[in-house]
Number of protein chains: 2
Amino acid sequence: MKKNTLGSLIWLRMMRFTHESNNLSNEFLKQFDLTTAQFDVLLQISIFEPITQSELAEKVTVTQGGISRMLTRLEQEQLIARHQDWKTKFISLTPKGNEKLNNAFEAQLAFQSSFFDETLTKEEQKILYKLISRVQKSSEQRSK
Amino acid sequence: MKKNTLGSLIWLRMMRFTHESNNLSNEFLKQFDLTTAQFDVLLQISIFEPITQSELAEKVTVTQGGISRMLTRLEQEQLIARHQDWKTKFISLTPKGNEKLNNAFEAQLAFQSSFFDETLTKEEQKILYKLISRVQKSSEQRSK
DNA sequence: AGTTATCACTTTACTACTCAAATGATAATA
DNA sequence: TATTATCATTTGAGTAGTAAAGTGATAACT
């Protein structure tokens, strides 16, 4: 019988949770005709616009190529605009994109929160946030 | 300025962390010629063998179709065997698969653990495990 | 006995990602 | 002014996942 470490158990639970909740979130966002990834990207743009593609790629942990294709789709749907300045393309939300994000925003945040509100007290959530933040920041460092 | 909820902040951190650490893990497992998903599947098989494909699919949160392809690949590399009994295929590790898993096992668990050992005390890890377990179990319920 | 239902698994068509080579606009150099 | 370098973005080829239709072996009716 193989012996697990505490860390590996945490790792497994987190992987399962993010996978399951990502699926549920995709299902949920269908009503707004969005995917979880698209919501994430639109939200980041709304916070940081105007932002370049490479900066955006880094924020959402997708490769350059991935972002390029993703934005092409979002541009086709007229949710974002790319304004080229020399070699850099600055991304911003169109009014339509902004409206779509605003429509989905509250519902999606409530949806995300529900996973934690259902099972944890406010105090526990604060603790969880502190712990996971430390872990995430250190893995972010490692990724470079 | 949009207002985040605590839950949505936790959600984002977790998504980022699992994505980053999954990438790092894939990189790490290259030395064993495995992906994170394959390691996960081989480990589940070693624990539950003989196991059917649908049971396995549920354990690793991949669809039936996904598992079917994945196992076809693993079978081609002779890491697993499928033994058909009526309509059900029972999956088990081959000696080669078992050896490969054993080779990678300790290193991979140490690797997974390192994310938490680096930043959290043993006590904090226990707390994190308890909290994330509760959250994951409830999302698992919802997935059905 | 012949038809229909069931059920685990496979396959098709599609999507979205990856890496790495190509593109294209400008800057720097000769 | 022609050539080369730079660098953000795009694109080509490949991989791995999904949903849903298809397959095939057996069970269960009529």
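Bear in mind that the values here come from a model prediction, so they are computed numbers and not experimental data. Residue numbers start from 1 in every chain, and the chains themselves are labelled A, B, ... in the order their sequence lines are given, proteins ahead of strands.
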Presence of A/Q53 side-chain N/O under 4.0 Å of D/dT10 phosphate oxygens OP1/OP2: yes

Can you tell which of A/F39, A/F28, A/F105 makes a ring pair (Phe, Tyr, Trp, His ring centres under 6.0 Å) with A/F111? A/F28

Just the rounded figure in Å: distance from P of D/dT15 to CG of B/N23. 18 Å

Using whole Å, what does the distance between atom C1' of nucleotide D/dT15 and atom CG of B/D33 come to? 15 Å

Rounded to whole Å, the NE2-P distance (A/H83 to D/dT9) equals 13 Å

Can you check the B/N22 CG to C/dC17 P distance for me, whole Å? 15 Å

C/dC17 OP1/OP2 closer than 4.0 Å to side-chain N/O of A/R73: yes

Nearest-nucleotide check on DNA chain C, B/R69 vs B/I91; residue mapping nearer the 5' end is B/I91

What is the separation between atom CE on B/M70 and atom C1' on D/dG17, rounded to the nearest whole Å? 10 Å

Ion pair present between A/E140 and A/K137, side-chain N to carboxylate O less than 4.0 angstrom? no

Should A/S54 be listed as having a side-chain N or O under 4.0 Å from OP1 or OP2 of D/dT9? yes

Looking at B/L6 and A/Q125, what are the two nearest heavy atoms and their distance? CD2-CB, 3.6 Å

B/Q64 CD - D/dG17 P separation (whole Å): 14 Å

Nearest heavy atoms of A/L24 and B/S139, plus distance in Å: CD1-O, 4.1 Å

Check: B/F116 ring centre within less than 6.0 Å of B/F17 ring centre: yes

Does a side-chain N or O of A/T63 approach OP1 or OP2 of C/dT18 to a distance below 4.0 Å, or not? yes

For the pair made of NZ in B/K89 and P in C/dT10, what is the distance, rounded to whole Å? 4 Å

Closer to the 5' end of DNA chain D via nearest nucleotide, is it A/T52 or A/H19? A/T52

Of A/I67 and B/G66, whose closest DNA chain D nucleotide lies nearer the 5' terminus? A/I67

Length of the CG-P vector between A/L24 and D/dT18, whole Å: 13 Å

